[in-house]
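The figures that follow rest on heavy atoms only: side chains count, while hydrogens, waters and symmetry mates do not. Per chain, numbering begins at 1; letters A, B, ... match sequence-line order.
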Amino acid sequence: MIKLTYESRRQLGYRFMMAPALLLMAAFIVFPAFYAFSLSLTDVALLGFAAQESSFVGLRNFSRLFGDPLFWNSLKVTLIFVIGSAVIGQFVLGFLSALALQRPVRYKPIFNAIICLPNAVPEMVVGFLWISMFASGEYGTLNRFVAWFGVDPQQWLYTFPLLSIIIVNTWRGIAFAMILLTSGLAAIPKDIYEAARVDGATDTQVFWRITVPMMMPTIFLYMFISTVTTFAIFGLVYTLSRGGPANSTEILGIYIYNQSFTAFQLGYGAAVAVVSLVVSMILGIIYVKALKVEV
Amino acid sequence: MVAVVRSSSEDVTVTHHASQRRAYLTLVLISLFCMMPFFWVVLAAFDPKASQFLQIPQGVTLDHFKNIFANESGMRWVLNSVVIVGSATILTLIFAGFGGYALSRTQAWWKRPLLYGIILVRIVPPPALIVPVYKVMLFLNDWINGLINQFTADVEQQQMLSRMFSFIDGYLGLILIHCAMQLPLAIWIMKTFFDAIPKDYEEAAALDGASQWQTVRHVLIPLALPGFAAAGLFAFINAWGDFLMPLMFTSSPELQTLPLGMFRAFLRVDAIDYGFLTALAVIYTLPAVIAFAFARKFLTQTFSGGVKG
């Protein structure tokens, strides 16, 4: 029997400790991600003949994909959704809350808790809450609210579907932006502000010349994380609109689901998934390279 | 000279007050926006005449909450969620504990690639996996049901075992897939916490004659407790709120968890019991809110992995 040294035994031990987690992630995330590529080259279906006997079709799914207006629509909807809710909505409101909470205001923990509350709510409940908010007719909460401003009752989820889901996702994500940006603001040394004040800088100047440039790394980190997570959203939109009406809220995740499990075209669904995987991996690699994440 | 100084200090207080007022205004408006959707669910849950609309309750009743315990399906959804998400969280903690420790301590060649790999795995959007994961689950499902059929010929037993261990429409499958999805973040958190525990502590314990197990039990686990708390809370919150996995892998009513059960009940437009559903929504939301309150202070620490809790 080979005698192992203390160190090599330890090294072997680390591998054993790593194994269960690696196995699970490999089976349910890494392998499926690669498997998506191979499935996307077949005509596999959920039901019928192609479910048993799928055949290799080369890039046919992709050529169909790039000629499919619904796919381009889905890509466009996803882009608007990500920019509207993560890049603009959550960021602006989160930054405003973070800046306001920097000031010596009272009831800070209460404001903080209220803004964090939406982030803790399960996706299904978010959909449930906002369906009531958006309820049509004059008794709908939002309709009663806008009636104060003389606006007629609307069918929010039908007339402004994409705007509606952007509002909901903004609502949900303010907390995340606020927390991250608050930690960024706290890291800016106070004496820079004092020096600027002594030199007679105005609030606006201080904000654009000091706060924003000093916050750039945090803002970059926020943009990356929120883009990636918003890109992966499914349940929130599915419970609100299931991609409708008329595909107007069909973000990529929903499009994949609908193609695979409503239209039963797994191969085609996998091709859409490949596009979404490639996009997120590019984002991820840029991030890892740009930040040189410490490991 | 004196006058000039005074007027400029007044200027400062004036702008100070103005920006202070702006801060309050911002916070009040954003808070109202954040609170607005909650009024309905909280009021309707106690309203004997709950409807889809926000209204002043005619009275206060606990009937909706009692209904959940009386109504078989409501209680079953709660229990299924607790069992599935609870087991997935515990399993995640065990695997992430070992994995995070190994990743923190090892200097082997695979350390760096694995850490970068975990960041990338974390970025994979779950909806992109639905087709291939479904295929994987289908394969595992056939395999395990084959085993079950070999194990016993009794149909009733087969059904029971199949419910427990199936990958599609069974507890085991949902537990494992939730666990896999939560592992990348959990490992990352555990690794960060183990990094902060000096190796000397373990070596000192070993020198004092502690066995490997004693070192783990009395030195490592107590020191890493905040890490386990953070990892466990995030795993719980994410799995508890997840909608996609139950949607894909459950079909029988006996196995439904809260998100799916509620969603399907809500789709029956003609017969929605708003009192029942809002009470259930309150019960479904509370554990997540409580967990989030505890997890909040860990949130900033988990960012370095490019991951959102």
Side-chain angles (χ1 to χ4, degrees), chain A residues 11 14 17-18 20-21 24-25 28-30 32-33 35-36 39 93 96-97 100 103 105 111 114-118 120-125 128-130 132-133 135 139 141 176 179-180 183 221 225 228-229 231-232 234-235 239 253 256-257 260 266 269-270 273 276-277 280 284 287-288 295, chain B residues 19-20 23-24 26-27 30-31 33-35 37 40-41 52-54 95-96 98-99 101-102 105-106 108 112 115-116 119-121 123-133 136 176-177 179-180 183 187 240-241 243-244 259 262-263 266 281 284-285 288-289 292 296 299-300 303 306 308:
Chain A
Q11 290 304 331
Y14 293 142
M17 289 183 216
M18 212 55 242
L24 271 179
M25 289 191 291
F28 294 117
I29 306 176
V30 180
Y35 192 28
L39 280 174
L93 293 182
L96 284 176
S97 339
R103 306 199 65 86
V105 287
F111 285 125
I114 292 173
I115 295 171
C116 282
L117 198 55
V121 178
E123 286 175 305
M124 196 274 136
V125 178
F128 192 50
L129 295 183
W130 279 92
S132 160
M133 282 288 288
Y139 294 113
T141 311
F176 172 69
I179 292 169
L180 185 52
S183 74
L221 177 65
I225 299 174
V228 165
T229 42
F231 197 68
F234 177 86
T239 52
I256 296 170
Y257 185 85
S260 312
L266 296 185
S276 134
L277 280 170
S280 20
Y287 167 75
V288 170
V295 289
Chain B
S19 47
Q20 200 66 359
Y24 277 113
T26 312
L27 288 176
I30 292 177
S31 299
F33 174 51
C34 287
M35 265 163 35
W40 166 70
V41 76
Q52 195 186 4
F53 303 112
L54 177 64
F95 292 163
F98 282 123
Y101 176 70
R105 292 297 186 255
T106 186
R112 215 157 243 283
L115 281 167
Y116 285 127
I119 295 181
L120 292 184
V121 162
I123 290 165
V124 170
L129 295 180
I130 54 183
V131 175
V133 159
V136 169
L176 287 182
I177 191 110
C179 175
L183 268 173
I187 291 178
W240 183 255
F243 181 78
L244 182 58
M262 285 181 65
F263 180 67
F266 189 67
Y284 180 30
T285 308
V289 169
F292 188 83
R296 196 195 170 295
L299 209 57
T300 33
F303 288 146
K308 180 170 169 181

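- Between atom OG1 of residue Thr239(A) and atom CZ of residue Phe266(B) there is a gap of 9.0 Å, rounded to the nearest 0.5 Å.
- A heavy-atom distance below 4.5 Å is found between the side chains of Ile187(B) and Met25(A).
- What you find for Arg296(B) and Ile179(A) is that their closest heavy atoms are NH2-CG1, 3.6 Å.
- Between the CG atom of Leu120(B) and the CD1 atom of Ile29(A) there is a distance of 12.0 Å, given to the nearest 0.5 Å.
- Contact detail for Leu27(B) and Ser97(A): the closest heavy-atom pair is CD2-O, 4.1 Å.
- For chain B, the option among Gly284(A), Ala21(A), Gly253(A), Gly235(A) with the highest count of heavy-atom pairs below 4.5 Å is Ala21(A).
- Contacts with chain B were tallied for Ala36(A), Ala273(A), Ser132(A); Ser132(A) has the most, counting heavy-atom pairs under 4.5 Å.
- Heavy atoms only, all atoms of each residue included: Pro37(B) and Leu129(A) are closest at O-CD2, 3.7 Å.
- Contact between Met18(A) and Gly99(B) at its shortest, heavy atoms only, is SD-O, 3.4 Å.
- Looking at Thr141(A), only its side chain comes within 4.5 Å of chain B, counting heavy atoms on both sides.
- Tyr284(B) places a side-chain heavy atom less than 4.5 Å from the side chain of Pro122(A).
- Of all the heavy atoms in Val131(B) and Ser260(A), the pair that sits closest is CG2-OG, 3.1 Å.
- Distance check: Ile114(A) CD1 to Ile30(B) CD1 gives 11.5 Å after rounding to the nearest 0.5 Å.
- No other option in Ile130(B), Val133(B), Val289(B) has as many heavy-atom pairs under 4.5 Å with chain A as Ile130(B).
- Only the side chain of Val30(A) comes within contact range of chain B, with heavy atoms under 4.5 Å apart.
- You'll find the side chain of Met133(A) stays beyond 4.5 Å of the side chain of Trp40(B), heavy atoms only.
- Put simply, the side chain of Pro126(B) does not reach to within 4.5 Å of the side chain of Phe234(A), judged on heavy atoms.
- At a threshold of 4.5 Å between non-hydrogen side-chain atoms, the residues Ile115(A) and Ser31(B) count as touching.
- Residue with the most contacts toward chain A among Ala96(B), Ala108(B), Pro125(B): Pro125(B) (heavy-atom pairs, distance under 4.5 Å).
- Looking at heavy atoms from C-beta onward, Phe128(A) lies out of side-chain contact with Phe263(B) at the 4.5 angstrom threshold.
- Residue Leu266(A) touches chain B through both its backbone and its side chain, counting heavy-atom pairs closer than 4.5 Å.
- Listed here is the closest heavy atom pair of Ile123(B) and Ser280(A): CG2-O, 3.5 Å.
- Heavy atoms of other residues, nucleotides or ligands lying less than 6.0 angstrom from CZ of Phe98(B) number 12 at most.
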